[in-house]
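Letters A, B, ... mirror the listed sequences (proteins, then strands); counts begin at 1.
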Amino acid sequence: MLTMIPQLTIGAADLAAAFLFMYGLKRMSSPVTAPSGIFVAGVGMLVAVLASFLYAFSVGAAAKPHLMVNLALAVIALVVGAGAAWWSGKKVAMTSMPQMVALYNGMGGGAAGAIAAVELLGNKADGVTQIVVTLMGALIGAVSLSGSLIAWAKLDGVIKRPLRVRGQQAFNAMVMLATLAIGGTVVFAALGGAVPLLAMPTLIYLFFACALVFGVLMTLPIGGADMPVVISIYNAFTGLAVGLEGFVLQNPALMIAGMVVGAAGLLLTLLMAKAMNRSVGNVLFTNFGSIAKQKHGDIKGSLKPVEAGDAGIFMRYAKEVIIVPGYGLAVAQGQQKLYEFVKLLQSAGVTVKFAIHPVAGRMPGQMDVLLAEAGVPYDLIFQLEDINDEFANADVALVIGANDVVNPAARTDKSSPIFGMPILNADHAKKVYVVKRGQGKGYADIVNALFYGDNCDMVYGDAQAVLVKMIEAVRGLGLSAAA
Amino acid sequence: MQFATSISGFVAIYIFMLAAFAGWVIIGHVPAILHTPLMSGSNFVHGIVVVGGMFALLNASTVQEQAIGFFAVLLGAGNAAGGYAVTDRMLAMFQTSGHQTKHAKHGHAKPSHRKKS
């Protein structure tokens, strides 16, 4: 009877963890309760991890002699893994958040894959269902690991350009089929079928190698602005892999937590794809840049560069300014200066609002986080559907480092690759200023008709430097900022 | 968990179905402004995989299993701790105009300090 106690404790701890995760996520539905939400979920995690040490009481006979070593290894792994990640998570700049999330995603996927590897190599999974589910979790986890690492490298600037070669799709499909074929062979061999030439461990290693290669190949051709979809989908993948391995280990907490995350990731993936008016398949398997190029001829007007200071002073005398931030703001680390400028305008009596496009930046909601970091109160921040009609009343739309999300071609030009994508109606404002590093095109590599409009002026330069000039110019007016 | 009735067949599918549905509904209510913390928060939640890693490592009987199990716990722990750290940091930054005077200095000091490091 005494031997039941550790097991009951683990069961109760896992139950508590599953409840606290869901309750914590539920509390994350409002910025007011969200900080307590993550704390609640954190308590759940702590309880589950501490209880997992009680597995020591129920290890199999084969593992008994190694128990002390294994316990020591577990403590080292926990301390080193958690310590390093905690330290990096506390230190990382807010602008680097997408690559950090990609990295943690990959770690989760890798852990799920490793669990599957232990089960498979140790012949612990038995029955066809167990083996198939283990392999599915292994495949998804491994793809998530290597794919997330590539996503991290892209976001961090280690890999600069999407890699695209002719016949890539066909090659990727072949790698996938090979992986599935090896998986099928593993199932066949595990059930006692005779597989000539290859021993079981070799097959399993080969399976993992193929899955990892596929993750790399799948992510390499995907471009920067599609990253919100990619990060969401790997989040869903890792959740799914964790859920499946939870089934193999007969641990309902893993099953529930994994599936909740899988569903959440899927929901976000679909939201992001919808915000780009593309299907998920289109994002993953189509090379966006290769779609028919737009003819340059049908855009009239010219690009009109102006000084940053003049633009700043113009906004000082406006009634309402709507700011559209994009990835360029994050690259320039301009969020603090932007809010400084906004406060200056506010103190001069200008109404300032922020308009956020769902796919602005490199992960869902990245702009909201950057603005929050700078101290912008969230009641000034509006999402696309809530603010789009207001551009017509605004005196100025200030577009900073955003491009495709304000391209009116999405509304009018059927031949444009971004046709049908919901955009922010910045062109409806009486005056538009576009802060941009140079005359280059956006991610979609198409000309932005907004820039050529009669009401639009271009302010060239690094977003942070431009904002500094704007602040100086407005301050230079000599009007008391406190007025 | 051997004392419990094993989770198999349809019971497993029921658990998966209900959990997926719960996740979908809970997450569907999160406003777009919180999408990044939500993503890192759910990222943190799948860090529970570390518990599975612990099970695998404690039951390891060969060097190979120990090595892979160690790897699983290491990555899982990193996933959980890192996910928590970044989510907590981001959520602490969201504030309304009402709180601004109170938190303004606070909100500014922390991020700028971090950037220097």
Side-chain angles (χ1 to χ4, degrees), chain A residues 7 21 25-26 29 31 34-35 38 42 45 48 52 55-56 59 62-63 70 73-74 77-78 81-82 85-86 89-90 101 104 107-108 110-112 114-115 117-118 122 238-239 242 245 247 249-250 254-257 259-261 263-264 267 364-366 368-369 372-373 375 377-379 383, chain B residues 1 3 7 12 15-16 19-20 23-24 26-27 29-30 32-33 35-36 40-43 45-46 48-49 51-61 65 68-88 90-91 93-97 100 107-108 111:
Chain A
Q7 292 180 358
F21 286 158
L25 282 175
K26 171 86 187 94
S29 57
I38 187 69
M45 185 69 76
S52 69
Y55 283 132
V59 294
N70 288 347
L73 283 174
L78 278 177
W86 184 270
K90 284 286 175 196
V101 171
Y104 298 145
M107 291 170 100
I115 293 170
V118 173
T238 301
V242 171
E245 295 314 324
F247 169 74
L249 298 178
Q250 295 281 298
L254 257 69
M255 293 171 72
I256 291 172
M259 267 301 153
V260 165
V261 176
L267 181 71
Q366 191 193 2
D368 304 280
V369 168
E373 185 202 8
Y378 57 79
D379 43 358
Q383 305 301 320
Chain B
M1 238 151 295
F3 77 98
I7 308 162
I15 292 180
F16 280 145
W24 186 275
I26 292 171
I27 302 309
H29 287 146
V30 176
I33 189 171
H35 273 168
T36 294
S40 64
S42 57
N43 197 332
V45 165
H46 66 52
I48 186 71
V49 70
V51 170
M54 287 289 287
F55 181 81
L57 176 55
L58 293 182
N59 283 288
S61 51
E65 284 178 16
I68 304 174
F70 180 82
F71 186 63
V73 176
L74 188 77
L75 290 182
N79 180 183
Y84 186 90
V86 297
T87 310
D88 187 49
M90 282 191 276
L91 288 176
M93 297 184 317
F94 284 90
Q95 53 194 271
T96 61
S97 299
Q100 221 186 345
H108 267 292

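- With chain A as partner, the option from Thr87(B), Val30(B), Val49(B), Asp88(B) having the largest number of non-hydrogen pairs under 4.5 angstrom is Val49(B).
- Between Met45(A) and Ala80(B), the shortest heavy-atom contact is CE-CB, 4.0 Å.
- Interface remark: Ile15(B) contributes side-chain atoms only to the contact with chain A (heavy atom separation under 4.5 Å).
- Here the shortest heavy-atom pairing between Ala263(A) and Ala20(B) reads CB-O, 3.1 Å.
- Expressed to the nearest 0.5 Å, how far NE2 of His35(B) lies from CD of Gln366(A) amounts to 14.5 Å.
- Going from atom CZ of Phe71(B) over to atom CE of Met107(A) covers 9.0 Å, rounded to the nearest 0.5 Å.
- Taking CG from Leu78(A) and CG from Leu74(B), the interatomic distance works out to 9.0 Å, rounded to the nearest 0.5 Å.
- In this structure, Pro31(A) and Phe94(B) approach most closely via the heavy-atom pair CB-CB, 4.4 Å.
- The minimum heavy-atom distance linking Ala85(A) with Gly78(B) is given by the pair CB-O, 3.2 Å.
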Could you go through the side chain to side chain contact (heavy atoms under 4.5 Å, CB included) check for Tyr55(A) and Val51(B) one step at a time? CA-CA 10 Å; Tyr55(A) 283 132; Val51(B) 170; 3.9 Å; yes
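- Highest contact tally toward chain A, considering only Ala32(B), Ser61(B), Gly23(B), is held by Ser61(B) [criterion: heavy-atom pairs under 4.5 Å].
- With contacts defined as side-chain heavy-atom distances shorter than 4.5 Å, the pair Asp368(A)/Thr36(B) does not qualify.
- Only the side chain of Gln383(A) comes within less than 4.5 Å of a heavy atom of chain B; its backbone N, CA, C and O stay farther away.
- Across every non-hydrogen atom of Ile27(B) and Ala264(A), the tightest pair is CG1-CB, 3.2 Å.
- From Glu65(B), atom CD reaches atom CG of Asn70(A) across 9.0 Å, with rounding to the nearest 0.5 Å.
- Interatomic distance, CZ of Phe55(B) versus CD of Gln250(A), reported as 9.5 Å (0.5 Å rounding).
- A distance of 7.5 Å separates CG in Asn43(B) from OG1 in Thr238(A), rounded to the nearest 0.5 Å.
- For the set Tyr378(A), Phe21(A), Trp86(A), the entry with the most heavy-atom pairs within less than 4.5 Å of chain B is Tyr378(A).
- If you run side-chain contact (heavy atoms from CB on, under 4.5 Å) between Ile38(A) and each of Leu91(B), Val86(B), Val45(B), only Leu91(B) comes through.
- Residues Ile26(B) and Val260(A) fail the side-chain proximity criterion, which asks for heavy atoms closer than 4.5 Å.
- For the residue pair Ala19(B) and Met259(A), the shortest heavy atom distance occurs at CB-CB, 3.6 Å.
- Counting heavy-atom pairs closer than 4.5 Å to chain B, the top residue among Ala112(A), Ser52(A), Gly110(A) is Ser52(A).
- Of all the listed residues (Ala117(A), Gly89(A), Gly122(A)), the one sharing the greatest number of non-hydrogen pairs under 4.5 Å with chain B is Gly89(A).
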